[in-house]
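Worksheet for the structure shown next.
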There are 2 protein chains.
Amino acid sequence: MATIKIKQVTKRFGRHVILDNVTTTLEAGKIYGLLGRNGAGKSTLLNLINDRNFATSGEILFDGEPINNNPAARQQMYLMSETNMYPKRTRVKELFKAADRGYGDFDFTLAHRLTNEFGIDENSMVDNLSTGLTTIAKLITALCVKADFIFLDEPTLGLDASHREMFYRELLKTYERRPRTFVLSTHLISEVQNLIEHVIILDNREFKVDQPSEELLAQAFAISGPTAEVDAITKELPILGSHEIGHIKTVYVVQPIDAMQLATSSVTVKHLDLQTTFIALTDGKEL
Amino acid sequence: MATIKIKQVTKRFGRHVILDNVTTTLEAGKIYGLLGRNGAGKSTLLNLINDRNFATSGEILFDGEPINNNPAARQQMYLMSETNMYPKRTRVKELFKAADRGYGDFDFTLAHRLTNEFGIDENSMVDNLSTGLTTIAKLITALCVKADFIFLDEPTLGLDASHREMFYRELLKTYERRPRTFVLSTHLISEVQNLIEHVIILDNREFKVDQPSEELLAQAFAISGPTAEVDAITKELPILGSHEIGHIKTVYVVQPIDAMQLATSSVTVKHLDLQTTFIALTDGKEL
């Protein structure tokens, strides 16, 4: 199966550098999490990969060929984003038909089941739906379209808690039945921790993390205990963030350490979840 | 200070009933949470209150006078929503100036501090900002505008976790300095639990809950223990939802009960948080 290679891509808007020489590969049949603070350039990257905008330099290859004006690549990539790519007064069922015309083999059976479960009338105009239901109509299209790379930019924008749960469940179901690549860009990190196999964190114009979730979380720790002891133990470590309450200090590190060895009778070393790891890596001060 | 009275308001779109004879009062100087599933009609209600749409029947009064075409009412009400009410190619600083022209006495000092803290250039075109930063620009406007009733429809759409935290903190700060009414409509219920003083839950076209948060949470319980015992204890109670794992059953009720009296050595009775209470009331099956 194909891969998408992003090679030394830089994107500037005027004097503003959004992406600075980033390189990675998106493999077939994996669920990626593309994480980053507001304004980090996640949507810009997704637009570049999907040929909705041009890189200032560098190249993006689908199966070895540049993605620009490449119908074979376009055929295998689908981007769901806040920007609507359909004309005004489009009905939900017309979204599905358009995806079927563009990509072929649209899964109408799944689409009908999902509109029914989420309570959407396929005859509704998309623009007349509420924010959350518009997102759902677009998500259903993305889950049923026949493409090997599905990019979901903020897939849960405006979704209530039950609908978010339903979406995560349906994503996993369809992924198991027909493995393909999903790239999820989201701010509800704790909710997708168990979905994501590979994490890419965009920070300060670069990929700060690009590795399997398990590998990242295996080396993300909170070290907590009496301040003097914690300081002594961690003085050689690159500390991402810390806070102190009374004389108890907690420091956050993402580093291959031997947790068993560092812990003492008064100092605990605990694994971090993905959300906390993300905050430590991108904004340690906030912890 | 003024109040807003919503009296027997019904809204239909064609044959579709969105709101069915709803009545409530929004008081001065309170933080309200307007909660509801996707498509429940929250945005419709906010649009009616802010005279962006007409009720099919019933009336909405500001200080005793109908809000329709009522400049004195309009002057005291500000709605921040996904629909953008500014022209294309508007700069962030122009949003602020427009709010100053419309409402007077815009808090430019606070606005400058907030754009700085959130990392927004006031010279940016709003349409060029990312989803999250657009939301932030609109939120800053809403926090700095001089009006007694501020309606925030999905205030954290697209905001990352740190920015959501910053927003909640700034909302409380400005509220303490200048008490006014905020109505928050959001799906991130667990995050706003501590902000909200009064909860309105819109479900099935009606207000299912309209009461102080404390009062609601004081009677929201999970009763958990061996199935037979739990069934016996709860057989007279209106059960909203339940689940069973092995022989342990948990049922959810929102009912003034005596928790101490119901609990036994094997049955626990625990208070629910707002998110779980909401799900139990609107979609018990999902629990």
Side-chain angles (χ1 to χ4, degrees), chain A residues 13-14 16 18 35-44 47 81-83 118-121 124-125 127-137 153-154 156-167 169 185-191 203 274-276 278-280 282-287, chain B residues 13-14 16 18 35-44 47 81-83 118-121 124-125 127-137 153-154 156-167 169 185-191 203 274-276 278-280 282-287:
Chain A
F13 288 116
H16 214 60
I18 309 290
L35 312 179
R37 298 288 313 269
N38 284 131
K42 303 181 294 298
S43 301
T44 300
N47 283 332
S81 70
E82 217 207 344
T83 316
F118 281 100
I120 290 186
D121 180 350
S124 307
M125 303 283 183
D127 294 333
N128 287 349
L129 297 175
S130 71
T131 308
L133 294 181
T134 303
T135 299
I136 292 171
D153 194 3
E154 300 271 11
T156 54
L157 214 61
L159 258 56
D160 65 45
S162 309
H163 281 160
R164 294 199 301 274
E165 266 310 312
M166 276 171 70
F167 159 64
R169 215 158 45 218
S185 170
T186 181
H187 292 301
L188 302 182
I189 298 176
S190 53
E191 296 189 350
D203 190 50
L274 186 58
Q275 165 97 14
T276 313
F278 171 78
I279 296 177
T282 58
D283 189 7
K285 293 189 308 289
E286 289 290 315
L287 281 165
Chain B
F13 287 116
H16 215 60
I18 309 289
L35 312 178
R37 298 289 312 268
N38 284 131
K42 303 181 295 299
S43 301
T44 301
N47 283 332
S81 71
E82 216 207 342
T83 315
F118 281 100
I120 291 187
D121 179 352
S124 307
M125 304 280 183
D127 294 333
N128 288 348
L129 297 174
S130 70
T131 308
L133 293 181
T134 303
T135 299
I136 292 170
D153 194 2
E154 300 270 10
T156 55
L157 214 59
L159 257 57
D160 66 45
S162 308
H163 281 159
R164 294 199 301 273
E165 266 310 313
M166 277 172 70
F167 159 65
R169 216 159 43 221
S185 171
T186 181
H187 292 300
L188 302 183
I189 298 176
S190 53
E191 296 190 350
D203 190 50
L274 186 58
Q275 164 98 17
T276 313
F278 171 78
I279 297 177
T282 58
D283 188 8
K285 292 188 309 287
E286 289 292 314
L287 281 164

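Below, all heavy atoms of this structure are taken into account, side chains as well, without hydrogens, waters or symmetry copies. Lettering follows sequence order; numbering is per chain, from 1.
- With chain B as partner, the option from A:G119, A:G36, A:G39 having the largest number of non-hydrogen pairs under 4.5 angstrom is A:G39.
- Using a 4.5 Å heavy-atom cutoff, the side chains of A:R164 and B:H187 are in contact.
- Neither the backbone nor the side chain of B:S43 has a heavy atom closer than 4.5 Å to any heavy atom of chain A.
- Atom CD of A:E82 sits about 4.0 Å away from atom OG1 of B:T131, to the nearest 0.5 Å.
- Rounding to the nearest 0.5 Å places CG of A:D160 at 8.0 Å from CD1 of B:I279.
- Interface remark: A:L35 contributes no atoms to any contact with chain B (heavy atom separation under 4.5 Å).
- Among B:G158, B:S130, B:A40, B:A161, the residue with the largest count of heavy-atom pairs under 4.5 Å with chain A is B:G158.
- When A:T135, A:L159, A:I189 are compared by the number of non-hydrogen pairs under 4.5 Å with chain B, A:L159 comes out ahead.
- At distances below 3.5 Å, not a single donor-acceptor pair connects side-chain atoms of B:N38 with backbone N or O atoms of A:L133.
- Between the NE2 atom of A:H16 and the CG atom of B:N128 there is a distance of 10.5 Å, given to the nearest 0.5 Å.
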